[in-house]
Amino acid sequence: MENLNPYRNFLPKEVRKLAGEGKITGQTSGMCDGFAQANLCVLPKKYAYDFLLFCQRNQKSCPLLEVSDCGSRFLKSSAEGCDIAREIPKYRVWKDGVLFDECTDVEKYWRDDLVSFVIGCSFSFESLLIDGGIDVRNISENHNVPMYLTNIETVPAGIFSGKMVVSMRPVPYEQVVRAVTITARVPKVHGAPVHIGNPEIIGIKDLSSPDFGEPSTVREGEVPVFWACGVTPQSVVMNSKPDFCITHAPGHMLITDIPESLLQN
């Protein structure tokens, strides 16, 4: 099904500018067709090594695209010149593992000891699925992708540990192999699914009640397919309780300058 998002043909820097001006504050699925989107996790330097090690041990959930210089608000490679404190549509601020604020910029919270981790996002393979003839339900229904906390343990590193979060897209049974093949080619944006079928096996009791995002319609003859999700760090932050952290709000992504074609194997 065609991507009908009104920002689908915008350049990433145009959408980032609009987000920085407070003109785009919603979820970003379907925006900037052909460019990778990314999750954000910003932590004080004292936690940076532990989190870098956590990402290295959990590359399915946390495929790193860039790590910033300490204290810098500006990215260099994934989105050159991007002000990471302003150019994401919505942020979350955490204190001691508890959500403290949700806002459209985090300038007032910025500190000189912060390190930004830019992590690949499954929104980046949605256009590949659409090009492959697979309906991406959260795009065709124009809502945020449903995301669920699972019973799948991540591999601990330093202070960080917790459960994996997954995103779900329903796929017709006869197209499941194609969906797996397409997404397996892009490991830097989560790659192949981590689970297919019965959600209860991975601890999800009700597909109609996601922990983040909005539910997607699952039609007769379709199978729920689950991919590792870059909201996993937020689950880990809630479990591990660092004293301060900034993340994106689920579904409200950083749109990078990285062409999706460069992420394919």
Side-chain angles (χ1 to χ4, degrees), residues 1 27 29-30 37 39 54-55 57-63 119-156 160-240 247 249-251 253 265:
M1 184 171 288
Q27 64 94 16
S29 178
Q37 299 197 29
N39 304 271
F54 180 84
C55 292
R57 291 178 178 174
N58 296 276
Q59 294 183 40
K60 198 79 171 172
S61 299
C62 302
I119 296 168
C121 171
S122 63
F123 283 178
S124 304
F125 61 56
E126 290 180 332
S127 63
L128 301 177
L129 293 173
I130 292 170
D131 290 345
I134 297 170
D135 176 27
V136 176
R137 193 62 41 78
N138 50 287
I139 289 182
S140 61
E141 293 185 339
N142 192 30
H143 62 73
N144 201 353
V145 69
M147 294 161 272
Y148 305 86
L149 187 63
T150 72
N151 59 14
I152 303 170
E153 290 285 354
T154 58
V155 181
F160 294 106
S161 64
K163 308 287 189 181
M164 181 186 291
V165 174
V166 295
S167 61
M168 189 282 292
R169 294 162 184 83
V171 178
Y173 177 81
E174 66 275 9
Q175 292 184 317
V176 168
V177 172
R178 187 185 307 166
V180 172
T181 302
I182 288 170
T183 56
R185 298 186 187 126
V186 283
K188 290 184 178 179
V189 289
H190 303 304
V194 295
H195 182 68
I196 299 169
N198 186 353
E200 293 186 5
I201 292 174
I202 57 172
I204 300 170
K205 295 181 179 179
D206 184 0
L207 287 180
S208 67
S209 298
D211 296 287
F212 314 94
E214 300 167 70
S216 288
T217 304
V218 182
R219 299 170 183 160
E220 186 174 353
E222 293 181 335
V223 180
V225 181
F226 301 90
W227 282 267
C229 178
V231 176
T232 297
Q234 298 185 38
S235 163
V236 169
V237 164
M238 287 186 277
N239 183 65
S240 306
T247 68
M253 317 308 297
N265 286 345

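Values below: all heavy atoms of this structure, side chains included; hydrogens, waters and symmetry mates excluded.
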Please name the pair of heavy atoms, one in Pro199 and one in Pro224, separated by the smallest distance, quoted to 0.1 Å. CD-CG, 4.5 Å
Considering only residues two or more places apart or on different chains, which pairs with a residue in residues 146-156 satisfy side chain to side chain donor-acceptor pair (under 3.5 Å)? Glu153-Lys163
For the OG1 atom of Thr217 and the CG atom of Leu207, what is their distance to the nearest 0.5 Å? 11.5 Å
N/O donor-acceptor pair under 3.5 Å between Arg169 side chain and Val136 backbone: no
Can you tell me how far apart CD1 (Ile202) and CD (Glu200) are? Round to the nearest 0.5 Å. 11.0 Å
Can a donor-acceptor pair be found between the side chains of Glu126 and Asn138 at a distance below 3.5 Å? yes
Are the side chain of Glu222 and the backbone of Arg219 linked by a donor-acceptor contact shorter than 3.5 Å? yes
Thr247 side chain to Asn39 side chain, donor-acceptor N/O pair below 3.5 angstrom: no
Beyond-backbone contact of Ile119 with Pro63, side-chain heavy atoms, under 4.5 angstrom: yes
May I ask you to decide if Ser235's main-chain N or O and Asn239's side chain share a donor-acceptor pair within less than 3.5 Å? no
Met168 vs Val218, side chain to side chain contact (heavy atoms under 4.5 Å, CB included): CA-CA, chis, key distance, verdict: CA-CA 10 Å; Met168 189 282 292; Val218 182; 4.0 Å; yes
Measure the shortest side-chain to side-chain distance between Val231 and Asp211 over non-hydrogen atoms and say whether it is less than 4.5 angstrom. no
Minimum heavy-atom distance between Pro233 and Cys62, given as atom pair plus value: CG-SG, 3.8 Å
Start with the C-alpha gap between Glu214 and Glu141, add the side-chain angles, then the distance that decides, and say whether side chain to side chain contact (heavy atoms under 4.5 Å, CB included) holds. CA-CA 10 Å; Glu214 300 167 70; Glu141 293 185 339; over 6 Å; no
Sequence neighbours excluded, which residues qualify as side-chain hydrogen bond (donor to acceptor under 3.5 Å, both in side chains) partners of Thr181? none
Find the distance between CD (Gln27) and CZ (Phe212) and round it off to the nearest 0.5 Å. 15.5 Å
Inter-residue atom distance Cys121.SG - His190.NE2, 0.5 Å rounding: 5.5 Å
Between the side chain of Thr232 and the main-chain N/O of Met164, is any donor-acceptor distance below 3.5 Å? no
Test item: Ser240 side-chain N/O and Ser161 main-chain N/O as donor-acceptor pair under 3.5 Å: yes
In sequence, state the C-alpha distance, the side-chain angles, and the governing distance for Ile139 and Ile130, and then conclude on side chain to side chain contact (heavy atoms under 4.5 Å, CB included). CA-CA 10 Å; Ile139 289 182; Ile130 292 170; 3.9 Å; yes
Keeping the roles fixed (side chain from Gln59, backbone from Pro187), state whether a donor-acceptor pair exists under 3.5 Å. no
Under 4.5 Å between any side-chain heavy atoms of Gln37 and Ser124, yes or no? yes
Do Val145 and Ser216 come within less than 4.5 Å of each other through their side chains, counting heavy atoms only? no
Taking all atoms of both residues into account, what is the closest heavy-atom pair of Arg137 and Asp135, and its distance? NE-OD2, 2.9 Å
OG of Ser209 to CD1 of Ile204: how many Å apart, nearest 0.5 Å? 11.5 Å
Euclidean distance, Phe160 CZ relative to Asn58 CG, rounded to 0.5 Å: 12.0 Å
May I have the step-by-step check of side chain to side chain contact (heavy atoms under 4.5 Å, CB included) for Val225 and Thr183, ending in yes or no? CA-CA 11 Å; Val225 181; Thr183 56; over 6 Å; no
For Pro250 and Met147, work out which heavy atoms get closest and say how close. CB-CE, 3.7 Å
